[in-house]
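The sequence lines fix the lettering, A, B, ..., with proteins before strands; numbering per chain opens at 1.
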Amino acid sequence: MEGAAIAGVTLNRADLRFPFDRDFASRLHGQRIHRLSRRAKYIVAETESGLGLAMHLGMTGRFTILNQPGNGAAPHTPGEFYYSYEADPRHDHVVFAMSHGGTIRYNDVRRFGYMTLFELASMGKHPLFQTLGVEPLSEDLTPAYIALRAKGKTQPLKTFLLDQRIVAGLGNIYVCEALFRAGLPPGAESGSLSIGKKGAAAAERLCASIEGVLEDALRAGGSSLRDYRHADGGSGSFQESFDVYGREGETCNRDCGSVIERKVQQGRSTFYCPKCQRKI
DNA sequence: AAAAGCCCCTGGACGC
DNA sequence: TGCGTCCAGGGGCTTT
């Protein structure tokens, strides 16, 4: 979509998680998309005129790119998977008509996603972005950074890692998986990461595990649970490589003889191996 | 300051 | 077939 202009925006309702900005559609009308980028869990469309469109998918948000008007998308190249998109009047909330004749649909069953316009020039000062922590795949994520931010915190590691102000973009799946790979208990005090040799070693493992999990997941095209899909209708396969997520009651992949358990932290499920993730 | 709990919303899975 | 309960890739707000 980079290089294409927005020929029209149709809003099929007045809000998603939040009401759309006033003049949302008209401000985007005719804007050429200069580039698409990402910060934390936000997809950002940057227009040539300096307008930014931040898009968060929430839990069930999904973009589908259709290269022809109507229901079906023609393959980009011969032999490519042909994706037929069935219109969903109940949950197709936003439709972008693009200058080259294609359309982009935003579908979101639970409407926890949202979109908002902002000025690219002052992105760093925008409330959505201002407090975000480091990108997990950047060189900013280091054991020293982890130790610094964890220092003195009594909150559980799981909570610490889900906090977007610390590391931006980690979600429930990848936090669970990273903690497993690092051999760290989800309930351990975060502050321990900044104490002593064991803490330093743990921070080191955690850092490497976060990177490793995300890289593996990216290679696999992400995790496709339920109807989670790519913009071309394809799906990821990282769910087949989960060590702990969604594996309650199953045997640990480390052959430690234990079974994966589930507990609730912050109202979300944490999956872990009680034996492999015993202490820092 | 930190943690627990509830809320937003819809739908699928499962038990009775 | 229907109804109730629990659960879900996120995260904000209020209460303790």
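Comparing the same atom, P, in C/dT1 and in B/dT10 gives a spacing of 24 Å after rounding to whole Å. Using atom P as the reference point in both B/dG11 and C/dG11, the two lie 22 Å apart (nearest Å).
Of the residues in residues 166-185 of chain A, those placing a heavy atom less than 4.0 Å from an atom of DNA chain C are A/Gly171, A/Asn172, A/Ile173, in numerical order.
One can place CE of A/Met59 at 6 Å from P of C/dG10, the figure rounded to the nearest angstrom.
Within the 4.0 angstrom heavy-atom criterion, base atoms lie near A/Arg268. Among the atoms of the strands shown, none is found under 4.0 Å from any heavy atom of A/Thr60. Using a 4.0 Å heavy-atom cutoff across all strands shown, A/Ser269 reaches sugar-phosphate atoms only and no base atom. When heavy atoms are screened at a 4.0 angstrom cut-off, A/Arg262 is found touching the sugar-phosphate backbone but no base atom.
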Dot-bracket for DNA chain C, 5' to 3', counting Watson-Crick or G-U wobble pairs under 3.5 Å, with [ ] for crossing pairs and | for inter-strand pairs? .|||||||.|||||||
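Between A/Phe20 and A/Phe24, the ring-plane angle classifies as tilted under the 30° and 60° cut-offs. Ring pair A/Tyr114/A/Tyr42 is perpendicular by interplanar angle, where above 60° counts as perpendicular and below 30° as parallel.
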Could you go over nucleotides 12-16 of chain C and give all protein N or O partners under 3.5 Å, atom names and distances?
from, atom 1, to, atom 2, distance (Å)
C/dG12, O4', A/Arg17, NH2, 3.2

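Nearest to the side-chain atoms of A/Arg111 among the listed nucleotides C/dG11, B/dA3, B/dT10 stands B/dT10. For A/Phe271, counting side-chain heavy atoms from C-beta on, the closest listed nucleotide (C/dA8, C/dG10, B/dA2) is C/dA8.
With ring centers used as reference points, A/Phe129 lies under 6.0 Å from A/Phe118.
Here CZ of A/Arg181 is found 10.5 Å from OH of A/Tyr174. Values are rounded to the nearest 0.5 Å.
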